K.L.:
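So that we are looking at the same thing, I have put the structure below in structure tokens.
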There are 4 protein chains.
Amino acid sequence: MPRQVTFEQRVEFGDCDPVGIVWFPNYFRWLDAASRHFFISCGIPPWRTTLAERGIVGTPLVSSNATFSSPVSYDDVLLIETEVREWGRKRFMQHHRVLRLSSCGDAPQLVMEADETRVFAGYQEGRLRAIPIPADYLAQCS
Amino acid sequence: MPRQVTFEQRVEFGDCDPVGIVWFPNYFRWLDAASRHFFISCGIPPWRTTLAERGIVGTPLVSSNATFSSPVSYDDVLLIETEVREWGRKRFMQHHRVLRLSSCGDAPQLVMEADETRVFAGYQEGRLRAIPIPADYLAQCS
Amino acid sequence: MPRQVTFEQRVEFGDCDPVGIVWFPNYFRWLDAASRHFFISCGIPPWRTTLAERGIVGTPLVSSNATFSSPVSYDDVLLIETEVREWGRKRFMQHHRVLRLSSCGDAPQLVMEADETRVFAGYQEGRLRAIPIPADYLAQCS
Amino acid sequence: MPRQVTFEQRVEFGDCDPVGIVWFPNYFRWLDAASRHFFISCGIPPWRTTLAERGIVGTPLVSSNATFSSPVSYDDVLLIETEVREWGRKRFMQHHRVLRLSSCGDAPQLVMEADETRVFAGYQEGRLRAIPIPADYLAQCS
């Protein structure tokens, strides 16, 4: 079983659009936070530290694939369950399930789901490039 | 050939993250604007008008599929070429190509590409639901 | 002593700019959330309910006055202490103190402070207008 | 007369809140862009260049003072007129007037106004500090 990390996110008034529901780019803001917290919770240092120590700036997105199944509004609380489903040589696929907590004791409801393909990146000859996934990171995160 | 509409977007300092490149959720902000401008340029009224006249709140996203191929930074100017590649009964698939204009006369470079599946939605019995694509909208946009 | 409500806000990577510090418009996003949570914690219902029941859409901003004293970065945790310092007939002045929690046990540090003048607003003859502050709200919030 | 630079900003659907009007933190995003464009139009290079050449990271905000006079919604086009009203030794005060273009030929309407006190900043001994305003910048911008 892959390691799973849960991230909690309140939805605010300003996250919602004129329809009164979450404006979808905000989900990607929250997925990015959940992605980073996954690594923090595995013991990987913040990107400012990995940059200073190893030249790694973070995990830029290569591609994403998302499905939206139910609208969400302010005062909703979301749980984002994040895991890495595939580790390649340079790429990994992080999966996020976004659930809305019920205010009346029902089971959390899936509202959005996404796969993100990301890489660890660093500067080489002035250009940002994917690097092979560091073996110690892989060991810490599996 | 499907109708294609081009939307221009400047990249600002605040759109960029600590790496100095566009923080990816901002692309989804711009795609959403490009998606709406496609309909405006087809002669569909703003959503506040479609809501008042026909109960249509806009075109919420059902799923998206995006690929990021090159980093972008502030002062870059992006062109987003948008077209509808498939019209279903309720769903349609909008395709966006995001190109960076060259400052030295080279051809624009593809930096991001996305498919978005969207629906026209309205409230029915207090819930937001997809409606069949209006025939006049289909005629105006094809 | 006016009632004081505290709101906690994590700072994320994507809240930071190319300098690596919080991009200042994000503080205003957080103040707006803190402002709303103040009213929620006083027992005022969410704006969607006040709109349905009494035609009140929320508390739009009339003016703001902010001072930034220390940069903040991702992984910092902020506490926003919010209180209403003046109640007028239509306007009220909400004050926010934004403190950064120390990770090493020191006292929280003030990083930003703001006064916001707001009104309760509703639609009258199709236009958004300030309304006199409802007496029951005033009683609940003092 | 101080030099004045005008910056144009479209308002998008996603810039608006559940009331259907611009969520106010977005004004600060646009002011920040207008502030930077003022310097670009004076011939000051982008901050990535000033950082590389002179250690200047940009112009962080010290304080701001804003007044909001009329709501704005999507499809509105804003003009932001920016000028520097005071130059101190380290601080300067930038003033922004935000006007909404009329779609029916009337004069643009003032919708928001703000003073921003900013500094040029650089790293000194690992900390971000205000530096004296460079004489050549002052000459270029006056």
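Keep in mind that the numbers below use all heavy atoms, side chains included, and drop hydrogens, waters and symmetry copies. Quick note on labels: first sequence line is chain A, next is B, and so on, each numbered from 1. Note that the coordinates shown come from a computational prediction; the quantities given were computed from them, not determined experimentally.
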K.L.:
Checking ring-ring contact (aromatic ring centres under 6.0 Å, His included) between A/F39 and each of A/F7, A/F120, A/Y137, which is the one that passes?
P.N.:
A/F120
K.L.:
Evaluate the side-chain proximity of C/R97 to C/E83: yes if any heavy-atom separation is below 4.5 Å, no if none is.
P.N.:
no
K.L.:
As an exercise: rank C/Y74, C/F13, C/W47 by heavy-atom pairs under 4.5 Å with chain A and give me the winner.
P.N.:
C/Y74
K.L.:
Looking at C/G20, C/A33, C/G14, which makes the most heavy-atom pairs under 4.5 Å with chain A?
P.N.:
C/A33
K.L.:
Please look at C/R10 and chain A and tell me whether the side chain, the backbone, both or neither of the residue comes under 4.5 angstrom of a heavy atom of that chain.
P.N.:
side chain
K.L.:
To the nearest 0.5 angstrom, please state how far the CZ atom of A/R29 sits from the CG atom of A/D32.
P.N.:
10.5 Å
K.L.:
Mind checking whether A/F38 and A/R3 have side chains closer than 4.5 Å, heavy atoms only?
P.N.:
yes
K.L.:
Measuring heavy-atom distances to chain A, does C/D75 have an atom under 4.5 Å in its side chain, in its backbone, in both, or in neither?
P.N.:
both
